[in-house]
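Below is one structure, written out as structure tokens; the observations come after it.
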Amino acid sequence: MGASEPQITQNKKMKIVTTIEELRGQLSGQLRTAFVPTMGNLHEGHLSLMRLAAKHGDPVVASIFVNRLQFGPNEDFEKYPRTFEADCEKLNDAGVYVLFAPNEKELYPEPQEYRVSPPHDLGDILEGEFRPGFFIGVTTVVLKLFSCVQPRAAVFGKKDYQQLMIVRNMCRQFALPTEIIAAETVRAEDGLALSSRNGYLSVTERAEAPQLALALQQVSKRIHAGEKDIAAIEREAFDTLKQRGWQPDYIAVRKRANLQAPSRDEVAAKSSLVVLAAAKLGATRLIDNLEI
Ligand code: PAF
């Protein structure tokens, strides 16, 4: 920077709190808090959630907590990327007022025996089928974080479409005073949905990764073109990914309202649909979805 250019001094003001007590102290009397829970390793997708939160409340509070409860025994809890310093800088620059970053002892001082159990028809399909217990872990920690932060609004990304719906339904059924705001998925230029797990991809895998979004676009195009045999469309998309070396878990066209499979009539009537996919590329499992 040249000597004559004005110095832009960042206003470093974010408070980092690690205990529920400190958090409550910081937020006491706040009635319009907007909250974004995260597991850290923040990227542009997360920052877009922070910006959206600022439109729905004040102050904006973020959390970073890698929640063991939502990881299966053979999943990546231990190696999940933890980049706390860099995350703090990004959150501060994004205008977050308080970062709640509890350790496990703070959030789970005793075994978490009370858990939230989403209904089977929503919690045990798609992600829930391939990651048993995942949504119980998510809803349990989200309820607990909401109880700590007491937000008026909370922002969740559409990238985790099923998670968003399950959290929203939980809030409705428990009459929680938190409005759930959905944020659009942020994508790299080549279409790959941003995700912390993209960091696991090798250079060649990263080059292949946009094929997942492309597969969703193909499905969407065929349905828009009037094709009604959803099972055939799903199977072909699944096989295409498989032939390219992916190990897909599912590619499924579902109704946006409840993530159940649409009937032929519902497809014909152009009900609001979404196509969701999960597939492994090497050792990395990616998910994505597209509203049709
Ligand atoms: O989407 C995530 O990062 C997590 O599932 C969440 C909502 C922070 C709960 O741990």
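Counting convention: from 1, in listed order, for ligands and their atoms alike. For reference, positions follow the sequence shown, starting with 1.
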Gln247 atom CD: more than 12 heavy-atom contacts under 6.0 Å: yes
Within reach of ligand 1, part of Val167 (heavy-atom separation under 4.0 Å): neither
Nearest protein heavy atom with distance in Å, relative to atom 3 (O) of ligand 1: Met39 CG, 3.7 Å
Test of proximity, Asn67 against ligand 1: N or O pairs below 3.5 Å: no
Asp249 with Arg131: basic N within carboxylate O range, under 4.0 Å: no
Nearest protein heavy atom with distance in Å, relative to atom 1 (O) of ligand 1: Gln163 NE2, 2.8 Å
Cation-pi, Tyr200 ring and Lys79 (6.0 angstrom, 45 degrees): yes
Numbered atoms of ligand 1 (with element) below 4.0 Å of Val141, judged on heavy atoms: 9 (C), 10 (O)
Phe77 six-ring centre to Arg82 NZ/CZ under 6.0 Å and within 45° of normal: yes
CD (Glu44) with more than 12 external heavy atoms under 6.0 Å: yes
Nearest non-hydrogen protein atom, atom 10 (O) of ligand 1: Gln70 OE1, 2.7 Å
